[in-house]
**Student:** 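I'd like to ask some things about the structure below.
The structure presented is a predicted model; accordingly, all values stated were derived computationally and were not measured. Whatever order the structure lists ligands and atoms in, that order sets their numbers, starting from 1. Computed from heavy atoms alone, side chains included, the values below leave out hydrogens, waters and symmetry copies.
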Amino acid sequence: MKNIRHFLKETDFSKEEVDHIFSLADTLKKNRANPQIRSLNNQSWGLLFFKNSTRTRISFDVGVNELGGHGIYLDQKSLQISRGESVADTAKVVSRYLHGLVIRAFEHSLVEEFAAEGSIPVINALTDFLHPCQIYTDAFTLAENWKSGEVPCLEDLKGKKLVFMGDCDSNMANSWILGGCLFGMEVVMCGPKEFQPGEEIKKLVESSNLDGSYTFTTDVKSACCEADVIYTDVWVSMGDESEAAKRKELLSPYQVNLNAFKMAKGDALFMHCLPAHEGEEVSADVLALPNSIIFDQAENRLHVQKAIMAKLVE
Ligand code: CP
Ligand code: NVA
């Protein structure tokens, strides 16, 4: 029987496979509805969301369709799972109809349980712990900017310094720690001690035997010095709303503004997964810089996720 593969965390693909994904994403970007690449022909993929989404939901729906398949948006509120049907039964049932499942959830264990109990590929479209589709896309976007050859690849990222500013105990922070270490980058996490990287991600990185490294600092100046890219994300993630006031107060020294950005290399790039809260984690002038590549990131979600789905069904 065919081994079913899932994409729940950055390290679910090897570096060689990430390069294949980048190469395919590059091909698909040049020709979105490439008639030679119909990896999901006649397939139906479910898009199950427990949280809001603009980019992820639309790019997956469009992506499934462009690969020849059919996307079905599943709002958890209208499924029996919201009335207590178990994850295990739901996973087994939807596996009888669907060929793949994209899930955005609160608990990371929920996507793991779907993958373990079902019999179709599962993609993590963001949990409280990780956002791997975003990080693969961001890495591809950086490789496009820095590429030395014809096709963007991981070699283009090797040794580059990425500074993540703000909430370093979030899904985006965790994903940059794990992804950056897999890609061979130097990742510097910068934020208040109250929001430093947690134990779970530390243990995962330690047990994953990766090339790159990460450090944590509370000092903006030393973090941003010589940075190749400065990245930030919202201070109040989905699910953290009750702590909004405390978060905004503790995180305010870590806004990415022109003062911080000027400490980086002259050609440094600014990135944000979006949605952004202008005037909170990032100033309006930084968002509008020519070196801000936020909308390229958003576009590339489509191309990279198509390549990820194609890889999973290979
Ligand atoms: N960056 C991202 O995942 O955006 P959405 O929440 O809009 O999907
Ligand atoms: N950290 C953010 C990312 C949104 C794409 C959140 O979880 O809300």
**Student:** How far is atom 7 (O) of ligand 1 from its nearest protein heavy atom, and which residue and atom is that?
**Tutor:**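 Protein heavy atom at minimum distance: T54 N, 2.7 Å.
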**Student:** Kindly check if the number of other-residue, nucleotide or ligand heavy atoms within 6.0 Å of CD (E241) is above 12?
**Tutor:**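 Yes, CD of E241 has more than 12 neighbouring heavy atoms, counting only those of other groups under 6.0 Å.
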**Student:** Could you tell me the separation between the CE atom of M165 and the CG atom of D233, rounded to the nearest 0.5 Å?
**Tutor:**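 Rounded to the nearest 0.5 Å, the CE-CG separation comes to 13.0 Å.
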**Student:** Using distance alone, with no hydrogens and no angle criterion, decide if S59 and Q305 have a side-chain donor and acceptor under 3.5 Å apart.
**Tutor:** yes
**Student:** Can you list the atoms of ligand 2 that are under 4.0 Å from a heavy atom of L126?
**Tutor:** 3 (C), 4 (C), 5 (C), 7 (O)
**Student:** Output the list of atoms in ligand 2 that are nearer than 4.0 Å to some heavy atom of L274, sorted by atom number.
**Tutor:**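 Every atom of ligand 2 under 4.0 Å from some heavy atom of L274: 5 (C).
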**Student:** Under a plain distance cut-off of 3.5 Å, with no hydrogens placed, do T127 and N171 share a side-chain donor-acceptor pair?
**Tutor:**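 Per modelled atom types, N171 and T127 side chains form no pair under 3.5 Å.
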**Student:** Which option, R104, R57, K51, M238, owns the non-hydrogen atom nearest atom 6 (O) of ligand 1?
**Tutor:** R104
**Student:** What atoms of ligand 2 come within less than 4.0 Å of a heavy atom belonging to N171?
**Tutor:** 1 (N), 2 (C), 6 (C), 7 (O)
**Student:** Quick one: does L126 get an N or O within less than 3.5 Å of an N or O on ligand 1?
**Tutor:**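 N/O-N/O distance below 3.5 Å does not exist for this pair.
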**Student:** Drop me the distance from N34's CG to E66's CD, to the nearest 0.5 angstrom.
**Tutor:** 10.5 Å
**Student:** Within a distance under 4.0 Å of any heavy atom of H131, pick out the atoms of ligand 1 and give their elements.
**Tutor:**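 That gives atoms 2 (C), 3 (O) of ligand 1.
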**Student:** Which is it for S170 and ligand 2 at heavy atoms under 4.0 Å: side chain, backbone, both or neither?
**Tutor:** neither
**Student:** Does atom CG of N209 have more than 12 heavy-atom neighbours, drawn from other residues, nucleotides or ligands, at distances under 6.0 Å?
**Tutor:**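 For N209, atom CG is not crowded (no more than 12 foreign heavy atoms under 6.0 Å).
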**Student:** Just to confirm my output: which protein heavy-atom neighbour is closest to atom 2 (C) of ligand 1, and how far is it?
**Tutor:**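 It is R301 NH1, 3.4 Å.
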**Student:** May I ask you to decide if W235's main-chain N or O and R247's side chain share a donor-acceptor pair within less than 3.5 Å?
**Tutor:** yes
**Student:** Among all protein heavy atoms in this structure, tell me which lies nearest to atom 4 (O) of ligand 1, with the distance rounded to 0.1 Å.
**Tutor:** R55 NE, 2.8 Å
**Student:** For a side chain to side chain contact (heavy atoms under 4.5 Å, CB included) check, start with the C-alpha distance between V313 and H99, then their side-chain angles and the critical distance, and finish with the verdict.
**Tutor:** CA-CA 9 Å; V313 299; H99 300 88; over 6 Å; no
**Student:** Looking only at protein heavy atoms, which one is nearest to atom 8 (O) of ligand 2, and what is the separation?
**Tutor:**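 I find the closest protein heavy atom is M238 N, 2.8 Å.
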**Student:** If I apply the N/O under 3.5 Å rule, does P275 come out as touching ligand 1?
**Tutor:** no
**Student:** Please state which protein non-hydrogen atom is closest to atom 3 (C) of ligand 2 and give its distance, to 0.1 Å?
**Tutor:**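 Minimum-distance protein heavy atom for atom 3 (C) of ligand 2 reads D233 OD2, 3.6 Å.
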**Student:** When the ring centroid of F7 is compared with that of Y136, is the distance short of 6.0 Å?
**Tutor:**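 Ring centroids of F7 and Y136 are less than 6.0 Å from each other.
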